[in-house]
Novice: 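This structure is in structure tokens; I'll ask about it shortly.
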Amino acid sequence: MSERIPILRIGDTLIVSVQFDLEDQTVLNLQEDLADQIVARSATGVIIDIGALEIVDSFVGRMLATVASISRVLDARTVVVGMRPAVAITLVELGLSLGGVSTALDLEKGLAKLNRAASSGLQ
Amino acid sequence: MTAPWTAGEEPRVYPIARSGDLVHIRQAIRTLSQECRLSLVDQTKMITAASELARNTLIYGGGGTVRAGTVSRGGKRGVAAIFEDSGPGIPDVEQAMTDGWTSGGGLGLGLSGARRLVDDFDLNTVPGEGTVVTIIKWVR
Amino acid sequence: MVKRDSAVDLVGILSVEDKDLASSWIREVSGTLGSRVGKAELDRELRELYEALVEALRQGATDVHAEQMSEVRALLTELSRNRARQGFSPSETAISVFALKRVLEPLLEDGSAEVVRAYLQLGRILDGLGLFTIETYTQTRDELISAQAEQLLELSTPVVRLWDGVIAVPLVGTLDSARTQVVMEKLLQALVDTGSEQAIIDITGVPAVDTQVAQHLLKTIVAARLMGAECTVSGISPQIAQTIVALGIEFDGIVTKASLADALKLALRRSGVDLVAHQGGQR
């Protein structure tokens, strides 16, 4: 049994806070769990907080991009928040620009971004 | 290329046998980089490169080892890691070093990306015998 | 005590026509320096040096490193440092010492063998002093350069807050790869520290960029986006625009504005601030 990261829910939004360096299997579990939860809880938004992560390699980067794509298919939006400057510089150098992923500086701004997107969607 | 290990400081050997080992290797490289006083960005680049290469060793090389330690050359200090496996080797190195090319369903950024993140990069591979990748990040 | 004797001879050469020699030395030097050093200042410097030199020789100094020369060395150090700071060349600085040799040349014309010997010995001492001057000059120059380089790096990385949630880096001067990297890391950190979602990189003051610098700018913009912030580049000069196109650098998806003011307007609009111009304005 490998570890699973708890997924919180506030309203229509799922929130995941990654607090420690993840094993590859845990990363894959998270991707699966999120897909399940978006459907089970009919969530419209997902926030993944990676502010505590000191490195993001291509494996985690790919998971972030995949979750963003999966959520789009399931009519939800994903916002990745809190990426550190050193991590961002490294990811760009690595060649990973996470094209389709929305980002925000912190959790609060991430929530605001989801709300803005939701209200503009209604109009 | 053999790394110019700092005299009196033996590099340590870590196994790469299962995916949980990657976490330990990242931790070990982080400790080394901090001791060496790499800048925060350089630490992050070195750890990320090590993570990519360790995963390559595991997935494509069928497991192996990494030797990591501090290095010195001409008054400069740095952190080095040597990834070694006795897997199938890489038949076409040039192709493997190309962004986006992958044989294992990854993003194809492992080798080429890791090379961009470090100062010294050396790849030595013999088809059928294995692959050795050496990376070094120098303190600026 | 042969040494003692020759020392007296050296002093003798310098003291024969005491006033005259120092004066013609000053004349000789001021001729080469022009008006860039004040007459009075030069007069004081060289007279002090002259007296110190005579005194050192009287005490039996035989070369520049002798203990008796410490006063001379101190004066020369001060002189070289001043010249270096004022922007004189090394030869303009060393000429102050070497000119003394030329001033003494007339003595040789009908001088005895003794005088010639003394002149040569003094010449060697003056050569030593001249080299010492150049060394001190170079040292001072090196110190100046490294101090300036440090200042430049500090000066060149101001991240300023223009508005709530809008920061800017006005870049000035030629960018090299190392400096660009420093500035960009600082900009990204400032995004976190100030919680800003808008960043403006103003390159009005940058005369030219090369491929590497342009790549660094691009990477920073992508990195900022990964962190959840948007970057605008303002003040791209026509030359830089041509370089970017000529080098084939992909600037797609990068927002550019002609001026910092336009970039600020855009940043404010993006952060939801409405700008309203009141009719008639308020005085």
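All figures in this text were calculated on a predicted structure; none of them were measured in a lab.
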Novice: What's the spacing between A:Asp21 CG and A:Ile55 CD1 if we round to 0.5 Å?
Specialist: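 With rounding to 0.5 Å, CG (A:Asp21) is 6.0 Å from CD1 (A:Ile55).
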
Novice: May I ask you to list the residues in residues 29-38 of chain B that approach chain A closer than 4.5 angstrom, counting heavy atoms only, ordered by number?
Specialist: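 B:Arg30 fall under the 4.5 Å cut-off.
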
Novice: With a 4.5 angstrom heavy-atom cut-off, could you sort out which part of A:Leu91 is near chain B: side chain, backbone, both or neither?
Specialist: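 For A:Leu91, neither part sits under 4.5 Å from chain B.
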
Novice: Looking at CG of A:Leu34 and CG of A:Asn29, how far apart are the two atoms once the value is rounded to the nearest 0.5 Å?
Specialist: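 These two atoms lie 11.0 Å from each other.
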
Novice: Checking heavy atoms, do the side chain of B:Leu40, its backbone, both or neither come under 4.5 Å from chain A?
Specialist: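 For B:Leu40, backbone and side chain are both near chain A.
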
Novice: Where is the tightest heavy-atom contact between B:Arg116 and A:Glu93, given as atom of each residue plus distance?
Specialist: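 Looks like NE-O, 2.8 Å.
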
Novice: If we define contacts as heavy-atom pairs under 4.5 Å, which of B:Arg55, B:Arg115, B:Gln43, B:Gln27 has the most with chain A?
Specialist: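 Top count of heavy-atom pairs under 4.5 Å with chain A: B:Arg55.
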
Novice: Can you pull out every side-chain hydrogen bond (donor to acceptor under 3.5 Å, both in side chains) where at least one residue sits in residues 4-15 of chain B? Sequence neighbours excluded, please.
Specialist: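 Checked against side-chain hydrogen bond (donor to acceptor under 3.5 Å, both in side chains) - neighbours excluded - the pairs reaching residues 4-15 of chain B are B:Thr6-B:Thr70, B:Thr6-B:Ser72, B:Glu9-B:Thr70.
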
Novice: Report all side-chain donor-acceptor pairs from residues 36-53 of chain A shorter than 3.5 Å, counting only partners two or more places apart or in another chain.
Specialist:
unit_1	atom_1	unit_2	atom_2	d
A:Gln37	OE1	A:Arg41	NE	2.9
A:Asp49	OD1	A:Gly51	N	2.9

Novice: Any side-chain heavy-atom pair from B:Val133 and B:Ile82 closer than 4.5 angstrom?
Specialist: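 The answer is no, as the side chains (C-beta and beyond) never meet within the 4.5 Å cut-off.
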
Novice: Please enumerate all residues that pass side-chain contact (heavy atoms from CB on, under 4.5 Å) together with A:Thr90, with sequence neighbours excluded.
Specialist: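 For A:Thr90 the side-chain contact (heavy atoms from CB on, under 4.5 Å) partners, ignoring immediate neighbours, are B:Thr44, B:Lys45, B:Thr48, B:Leu117.
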
